[in-house]
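To start, the structure under review is shown below, and the notes come after it.
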2 protein chains.
Amino acid sequence: MSRPTIAGVARAAGVSVASVSRVLNGLPATEEMIERVQRAVDALGYVPDSRARSLKVGRTFQLTLAVADVGNPVYVTMMRAVEEVVSAAGYRLVVTTTGPDVVDEVALVRGMARGYADGLLISPIRVDEDLVKSIRECEVPVVVAGNVPAKAGVDTVRANSPKGMLLAVDHLVAKGRRRIAFLNGPADTVPGAARSKGFTEALKAHELQPAAVAEATDFTFAAGRAAAPDLLAAGGVFDALICANDLLAVGLMHELAAAGLEVPRDVAVVGMDDSELAEQSFPPLTSVNLGSAERGRRAAELLLARIEDNERAPRRIVVQPSLSIRRSTP
Amino acid sequence: MSRPTIAGVARAAGVSVASVSRVLNGLPATEEMIERVQRAVDALGYVPDSRARSLKVGRTFQLTLAVADVGNPVYVTMMRAVEEVVSAAGYRLVVTTTGPDVVDEVALVRGMARGYADGLLISPIRVDEDLVKSIRECEVPVVVAGNVPAKAGVDTVRANSPKGMLLAVDHLVAKGRRRIAFLNGPADTVPGAARSKGFTEALKAHELQPAAVAEATDFTFAAGRAAAPDLLAAGGVFDALICANDLLAVGLMHELAAAGLEVPRDVAVVGMDDSELAEQSFPPLTSVNLGSAERGRRAAELLLARIEDNERAPRRIVVQPSLSIRRSTP
DNA sequence: TTGTATGCGTTATCAC
DNA sequence: GTGATAACGCATACAA
């Protein structure tokens, strides 16, 4: 029992394929024609082949969002925002995951052959020449939620990490904490580099020295835990701690508790991303909101606009951060 | 600058389209032919159109995984497992999200017209006649990670909630807790119904009465918090609490803490799913592992097998649970 | 309004 | 081994 095609429907209804196509696409037709076609469609259980359709019309009405780690709750925030925008515009959103390596990211962009989707939204952790090149050469429009060089000539929506860091430090200092430590993610990543720089600048603005600095191997919960010894070896010289994302913060808080340190009494902890995890953590985590929802929304809008008009000049949007204060800081 | 097609490559290389296609697909050709085609491909930056290709060969080499809520960490566990299996088999995995309503799920299965993917993996929260019907009529193979009636005649991989409940109750009773309360998710969902039944049976097996029972409006963190008053109004008559999933458990633990109750001293808490959140929660959450990773793996294998042979009899696999004991229970 | 015929970009079947 | 050509399933310009 082979699947029915439009030709089969036409035969069953005793009309031409063109008429079937017209009825299915809501083009003008007589009541009777609509009736006959509809009956044949129902009887055969016909459903159009989206490949053939999109091959003909040149669009798939699908958009792809590629994230590095589905386990990172910051991406679910972004995903929800993107989904809302693109589905309102009549597109289906499909999500694929790339992992932390640039090569995978490049492979994805390269492999995003024409036909898979009408546009691509990526949020790469690491960026190199190859990635920029593959984006420029990509068959479909690409927008980056993150930071790539301006000369890449691509639409970007990025966070303002330095400003976010400053908000965190301001808050901690206002609460009387001056011995501030920092747990970064991998420094060879874009967010890692940005947050490291931001931390240094923010402390300088307050004429403070870092109390301790450590670098996790990844932006994950496990990496946060694993980095704890490095930080604790510094010998309790810090009374506040900023982490490069919420997962690291929560991982580290577990080890802080294990070491007998109480949050926020002994150590105030600030995360970044203000993901759902910040709210779910205990104590609830004060976190720098880097606007992941807004970044997702803006990025999706940019992508839709570029699909509409591929000649427009690339835009580079920066979303401003805010601080969500919860109980992990005094 | 229009996108190059195989015809353009053929023209540039001075050969036929058939030869280009052959070289690209690794079919026998002379060294020189391969050389010429390759050069033209590189020069033009040609990348094949996957629609046209799959229209011709009849396969997309894509599989779709549809989950109800991307924010539920149990799905990331499942997603990782599925991804691993299908990518090893040469398929790309795309993830789409449906929301908690059956109608959306039905729309997804219906809309999964031939051409979007070669197979569909769904994990529906609610199931009705329409959904079963749409699955049976679906153009591509569907496997369900969850529970649908046997007469649906579809491959399924499901958890054993009652057995899981029993593990939880066994554990609590062994630790001396007998006044056990239960926070369920919506009872009109498949997992909600199964867990409710399982809870009742498990208590009966120990000749215990439920200390309190409440029903959250959703399987989310927020719903877990919101359900707290209902449970706490019961007046501290329980010394243990089982929640229908980890998100509910964590949400509720926040309210327990707010009410001055200490976990596990005053109330032992057990979640279900054993998701990443269970480990990240504080205190780390004892949770019933319903085998989400294994369910994902087995479901993916079933889907691949069915794509291979659509005539094989439907299989119904049940994955056995285990208990991950952490510090939320004594 | 309806039907006929062409082409979207690719692979596969033939001849050569 | 290579090249012309017919499909794959659909939408649409054009003719009726």
Side-chain angles (χ1 to χ4, degrees), chain A residues 1-41 44-62 111-118 139-140, chain B residues 1-41 44-62 111-118 139-140:
Chain A
M1 162 185 158
S2 176
R3 271 110 183 206
T5 73
I6 198 171
V9 176
R11 211 175 314 119
V15 300
S16 74
V17 291
S19 296
V20 177
S21 176
R22 262 190 235 101
V23 170
L24 260 36
N25 292 332
L27 294 172
T30 50
E31 273 306 319
E32 146 149 38
M33 175 64 81
I34 296 178
E35 171 72 15
R36 286 176 72 172
V37 170
Q38 204 52 258
R39 196 157 31 216
V41 165
L44 297 176
Y46 168 75
V47 43
D49 185 309
S50 61
R51 291 169 298 205
R53 178 183 159 73
S54 80
L55 179 60
K56 185 67 186 156
V57 301
R59 307 177 71 168
T60 62
F61 292 98
Q62 282 199 152
M112 183 47 61
R114 190 174 17 157
Y116 277 124
D118 297 338
E139 298 277 340
V140 300
Chain B
M1 161 189 154
S2 177
R3 271 111 182 202
T5 73
I6 199 171
V9 175
R11 212 176 312 120
V15 301
S16 73
V17 292
S19 296
V20 177
S21 176
R22 259 189 241 103
V23 171
L24 260 36
N25 293 330
L27 295 171
T30 54
E31 273 306 320
E32 167 176 4
M33 175 63 83
I34 296 178
E35 172 73 16
R36 286 174 73 170
V37 169
Q38 205 50 258
R39 196 156 33 215
V41 164
L44 297 176
Y46 168 75
V47 42
D49 186 308
S50 59
R51 291 170 296 208
R53 175 170 212 287
S54 78
L55 178 59
K56 186 63 187 161
V57 301
R59 306 176 69 168
T60 63
F61 292 98
Q62 284 200 150
M112 183 49 59
R114 189 176 17 158
Y116 278 123
D118 297 338
E139 297 279 338
V140 300

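Letters go in sequence order (proteins before strands), and every chain restarts at 1. These numbers come from the heavy atoms of this one structure, side chains and all, not from hydrogens, waters or symmetry mates.
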Shortest non-hydrogen contact between [X] and [Y], atoms and distance:
X	Y	value
G115(B)	S50(A)	C-OG, 3.4 Å
V15(A)	V37(A)	CG2-CG2, 4.2 Å
R51(B)	G58(A)	NH1-C, 3.8 Å
A10(A)	S16(A)	CB-C, 3.7 Å

Polar atom pairs between nucleotides 1-5 of chain D and protein, under 3.5 Å, N or O only, would you list them?
| from | atom 1 | to | atom 2 | distance (Å) |
| --- | --- | --- | --- | --- |
| dT2(D) | OP1 | T30(B) | OG1 | 2.5 |
| dT2(D) | OP2 | T30(B) | N | 3.2 |
| dG3(D) | OP2 | S16(B) | N | 3.3 |
| dG3(D) | OP2 | S16(B) | OG | 3.2 |
| dG3(D) | OP2 | S19(B) | OG | 2.3 |
| dG3(D) | N7 | R22(B) | NH2 | 2.8 |
| dG3(D) | O6 | R22(B) | NH2 | 3.1 |

Q | Heavy-atom side-chain proximity of I6(A) to Y46(A) below 4.5 angstrom | A | yes
Q: Would you indicate whether the side-chain heavy atoms of D49(A) and T5(A) approach each other to under 4.5 Å?
A: no
Rounded distance (nearest 0.5 Å) linking atom [atom1] of [X] with atom [atom2] of [Y]:
X	Y	atom1	atom2	value
L44(A)	R11(A)	CG	CZ	9.5 Å
R53(A)	S21(A)	CZ	OG	8.0 Å
Y116(B)	S54(B)	OH	OG	12.0 Å

Could you tell me the separation between the [atom1] atom of [X] and the [atom2] atom of [N], rounded to a whole number of Å?
X	N	atom1	atom2	result
I34(A)	dT1(C)	CD1	C1'	11 Å
L44(A)	dG9(D)	CG	P	14 Å
L24(A)	dC10(D)	CG	P	9 Å
Y116(B)	dG9(D)	OH	C1'	14 Å
F61(A)	dC10(D)	CZ	P	16 Å

**Q.** Stepwise side chain to side chain contact (heavy atoms under 4.5 Å, CB included) check, L24(B) with V41(B)
**A.** CA-CA 9 Å; L24(B) 260 36; V41(B) 164; 4.1 Å; yes
Q) Donor-acceptor pair, N25(A) side chain versus L27(A) backbone, under 3.5 Å? A) no
Short N/O separations, protein against nucleotides 7-9 of chain C, under 3.5 angstrom:
| from | atom 1 | to | atom 2 | distance (Å) |
| --- | --- | --- | --- | --- |
| dG7(C) | N2 | K56(A) | NZ | 3.0 |
| dG7(C) | N3 | K56(A) | NZ | 3.3 |

Q: Toss me the dot-bracket line for DNA chain C: Watson-Crick and G-U wobble, both under 3.5 Å, 5' to 3', using | for pairs to another strand and [ ] for crossers.
A: |.||||||||||||||
Q | Pairwise P distance for dA11(D) and dA15(D), with rounding to whole Å | A | 22 Å
